[in-house]
2 protein chains.
Amino acid sequence: MVLKVRKKVRALPGCPMSKCMDLLGGCWTPEVLWSLSEGPRRFSELRRDNPFISAKVMTSRLRDLEKRGVLTRNVMPTSPPTVEYELTDLGKELLPAIRSIVEVGSRLLLRDSTG
Amino acid sequence: MVLKVRKKVRALPGCPMSKCMDLLGGCWTPEVLWSLSEGPRRFSELRRDNPFISAKVMTSRLRDLEKRGVLTRNVMPTSPPTVEYELTDLGKELLPAIRSIVEVGSRLLLRDSTG
DNA sequence: GCGGGCAGTTTCCAGCTGGTTACCGAAAAG
DNA sequence: CTTTTCGGTAACCAGCTGGAAACTGCCCGC
């Protein structure tokens, strides 16, 4: 549920895991990416998707991910404002990892309930 | 590279992602699991595998994972002491997620160099 | 004229946490 | 005799960071 990104120690140059965790890292990041996996979503939709993420953290995570090229932020000139977030190609490359995490989680839940 | 576990907000009851992240979460946890994926390893081997993890954090992560049933700690009565860590069945269930993260990372590295 | 929804921003604060350093006992190596 | 290895533990400290609450501007509906 909670990933944290370090500021100092960035991804080790040639390490695949570091490379990937550098993008997945950060509190709630996997949840956000999961919400975006089905297609573009607006800020308030993302917030309703996972009500435990505060607005501040949601904003911060989205900005980070935008900066890293994982998603795009598209402000539409409507009123009230509409902002759509969408995974980039880079973002979509992360989905197999996200899906795998969800799959493993599902299996663990089953395991729990069936003993 | 760095995942952080929250103390208060544990896994949401029925959420697969939370369920899985609850075990993967915590700084360096994926790296440790990755090191153990090939078989049992000793403390000092784990430390050499990833020299950026301090002894303190390594210990703390291993104890957490043991408590959660992800790995076993086996102290052998040798001198100097030998301690072996090994994934449990539960721990092995996490490997698909870990592998997927590594795979995605590898693809991203390739993308960087050929892109 | 009031409230509400959108999409945030700002401020402040507590707390967890990871890094660093020092230290442990036993035994083997030099 | 000294140093190293093994597998840690204890103490201390700085810093990031997430949470909470208040505030913003704009427009629509009542």
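Source: prediction; values computed, not measured. Below, each value reflects all heavy atoms present in this structure, side chains not excepted, and no hydrogens, waters or symmetry copies.
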Please tell me if [X] has a side-chain N or O lying less than 4.0 Å from either OP1 or OP2 of [N].
X	N	answer
A/Thr59	C/dG8	no
B/Arg41	D/dG7	no
A/Arg42	C/dA7	yes
B/Arg63	D/dT9	yes

ask   = Going by atom types only, do B/Arg73 and B/Tyr85 share a side-chain donor-acceptor pair under 3.5 Å?
value = yes

Output the single nucleotide from [options] whose closest atom is nearest the side chain of [X].
X	options	answer
A/Arg61	D/dG18, C/dG8, D/dG8	D/dG18
A/Ala55	D/dG18, C/dT9, D/dG8	C/dT9
A/Trp28	C/dG8, D/dG19, D/dG8	D/dG19

Please tell me if the side chains of [X] and [Y] come closer than 4.5 Å, counting only heavy atoms from C-beta onward.
X	Y	answer
B/Met58	B/Phe43	yes
A/Glu103	B/Pro96	no
B/Leu24	A/Val104	no
A/Asp22	A/Arg68	yes

Integer-rounded Å distance: [N] [atom2] and [X] [atom1]:
X	N	atom1	atom2	result
A/Leu46	C/dG8	CG	C1'	13 Å
B/Glu31	C/dG18	CD	P	12 Å
B/Asp49	D/dG7	CG	P	13 Å
B/Met58	C/dG18	CE	C1'	14 Å
B/Arg48	D/dT5	CZ	P	9 Å
A/Arg73	C/dT9	CZ	C1'	12 Å
B/Glu45	D/dT5	CD	C1'	13 Å
A/Asn74	C/dC6	CG	C1'	15 Å

For [X], report the nucleic acid contact type (base, sugar-phosphate, nothing); a contact means any heavy atom under 4.0 Å.
X	value
B/Arg47	nothing
A/Thr82	sugar-phosphate
A/Ser60	nothing

inquiry  = I'd like to compare against my own output: the B/S/- annotation of nucleotides 20-30 of chain D with a strict under-4.0 Å heavy-atom distance to protein.
reply    = B-----SS---

query = Between A/Leu62 and A/Met76, is there a shared hydrophobic cluster once you connect ILVMFWY residues whose side-chain heavy atoms come closer than 4.5 Å?
reply = no

ask   = Do B/Leu23 and A/Leu110 share a hydrophobic cluster (ILVMFWY, side-chain heavy atoms under 4.5 Å, transitive)?
value = no

ask   = Counting N and O atoms only, with roles assigned by atom type, does the side chain of A/Ser60 sit under 3.5 Å from a partner on the main chain of A/Lys56, one being a donor and the other an acceptor?
value = no

